[in-house]
Amino acid sequence: MEQRVLGALHPQRVMYYFEELCRIPHGSRNTKAISDYCVGFARSHGLRWVQDGVNNVVIYKDGSAGYEDHPPVILQGHLDMVTEKTADSPIDFTKDPLDIRTDGEFIWAEGTTLGGDDGVAVAYALAILESDRIAHPPLEAVFTVDEEIGMDGAEALDVSVLRGRTLINIDSEDEGILTVSCAGGATCCLHLPVEVQPAQGSGLHIFVDGLIGGHSGQEINRGRANANKVMGTLLERLLKRMPYRLVYARGGQKDNAIPRSSMAKIIVPEQRVEEARRELEKLADELKRELPQTETAAEFATEVCPCRGSAMSFGSTRKTVGLLCAVPNGVQAMSSDIAGLVQTSLNLGVLQTDKDGVTMTFSVRSSVGEEKQALIGRLKTCGADFGADYSESGQYPAWEYRKQSRLRDVMVQTFAELYGREPVVEAIHAGLECGIFSGKIPGLDCVSFGPDMQDIHTTREKLNVGSVNRTWEYLLAILKKL
């Protein structure tokens with residue numbers, strides 16, 4: 001009999017399918033295999049299904065006995081995961097399964113993200129779809145792709161295949177919180193062309209590492225430094241003390257993840273390499289004192305390295321460093337209506353250098369459309385001041401609060417019955433696919449919820465086993481009332 005890591009955990013069928021999903025590579029833009037797995041599931045269980053050209057899947061199931069004529073309900077989650085790993089992890093996200101572990105209380109993946117965001121939603125839905133004992137209305141299980149890189153799957157989905165006007169999104173990470181509104185956003189890029197010349201002098205590698213990082217929506221206001229912006233400050237202060245030429249600067253892997261590390265290579269006059277190294281050490285000590293108090297594990301390092309190939313001209317170096325420091329980052333406005341809610345923000349998630357120039361990629365978010373567009377305008381202007389070109393992708397609308405919601409009422413009442421207390425009903429700054437679906441389906445009533453997860457989008461991600469079980473019972477109780 002096959003040994004399963006999660007075999008002793010409950011709910012057993014949810015854990016079974018979650019472990020199955022962890023065996024299939026499913027990072028963003030690599031979702032064909034997991035999409036095909038869901039289609040194979042539908043075929044094997046005799047369920048009707050639709051798979052579109054971008055790998056979105058919809059699986060249909062009739063209502064259980066006594067629920068055949070109830071209005072259909074959409075169960076929705078996304079198939080892709082953020083693929084982050086530690087420097088020593090051997091995992092190849094394009095072909096390897098995750099190395100999942102559990103201590104009975106939590107589930108995690110050794111050295112990588114877990115993909116509980118949003119594999120748990122898919123596992124819940126598959127466990128319901130296979131069962132002949134669960135009471136539920138007609139179901140439309142919608143599994144979208146590439147949510148983590150701009151909600152491209154939800155944007156591409158032809159919603160004419162859906163009859164439901166009630167949508168339960170299982171893509172939240174705090175048990176006891178019902179999300180009923182979220183920010184809209186966009187992925188924005190600035191590309192700065194640079195002049196390259198032969199490298200002459202001595203090389204220095206500069207490293208910023210050990211920052212906390214995290215989700216750029218949910219944790220943008222929690223005092224977490226952005227490694228790319230820290231690197232920009234370091235490079236700017238060094239430039240005031242001595243001339244150098246930048247070879248490259250790069251950091252971060254996802255626009256919606258606060259970067260934990262950043263690195264750069266510079267060329268200095270050979271006779272000044274030791275002086276530059278000492279200056280960088282002094283500047284690192286300064287910056288450590290200026291970082292948020294949360295960043296206790298921050299590390300700075302400098303290494304002398306060979307001088308080969310080419311480097312930016314002095315003029316391009318100044319422009320690159322200047323732009324890196326000038327671009328806005330972090331919280332830009334707080335809501336005046338909802339205490340503690342970030343209203344508008346942006347995150348410099350990815351910094352890249354290639355032969356064509358330097359690219360800075362941002363996740364821009366706002367629950368106010370005009371503010372989102374104004375912030376994008378600031379980025380465009382800032383880039384233009386330094387000669388950078390602007391582009392964007394993945395625009396998605398805000399999900400506005402619905403004053404009358406039967407689904408919300410049912411979920412609040414059911415939670416109180418099961419837990420003996422009221423749930424928190426809130427708006428969030430992170431983006432959810434509910435915004436896209438509510439914009440495409442008139443009159444859609446939707447709520448997002450989910451079990452407890454820790455440190456999503458990081459290698460410290462954990463899924464709470466007890467919370468998965470309680471949330472499962474909660475979901476079944478909701479379906480019974482719809």
For this session: Please test R272 against E279 for salt bridge (Lys or Arg N to Asp or Glu O under 4.0 Å), starting from the C-alpha separation and ending with a verdict.
Result: CA-CA 10 Å; R272 301 189 68 179; E279 290 293 342; over 6 Å; no
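By the 4.5 Å heavy-atom criterion applied to side chains, V142 and F437 are counted as neighbours. Contact of the R408 side chain with the Y401 side chain is registered, since non-hydrogen atoms from C-beta on lie closer than 4.5 Å. For the pair R365 and N347, the minimum side-chain heavy-atom distance is 4.5 Å or more. In this structure the side chain of S335 never reaches within 4.5 angstrom of the side chain of V342, judged on heavy atoms.
Listed by first and then second residue, the ring-ring contact (aromatic ring centres under 6.0 Å, His included) pairs that reach into residues 352-392 come to none, sequence neighbours excluded.
In this structure, a donor-acceptor pair under 3.5 Å is present between the side chains of E175 and Y419.
The cationic group of K462 lies under 6.0 Å from the six-membered ring centre of F106 and within 45° of the ring axis, placing it in a cation-pi geometry.
Of the residues listed (Q253, K254, E148), the one engaging H457 in a side chain to side chain donor-acceptor pair (under 3.5 Å) is E148, and it is the only one.
Between F449 and Y474, the ring planes lie perpendicular to each other; the angle is over 60°, past the 30° to 60° tilted range.
Contact check on D285 versus R289 returns no salt bridge, with no Lys/Arg side-chain nitrogen under 4.0 Å from an Asp/Glu carboxylate oxygen.
The two residues E433 and A154 have their closest heavy-atom pair at OE2-CB, 3.8 Å. Nearest heavy-atom pair across D389 and P193 is OD2-CG, 4.4 Å. Pairing each heavy atom of S89 with each of T112, the nearest pair is OG-CG2, 3.6 Å.
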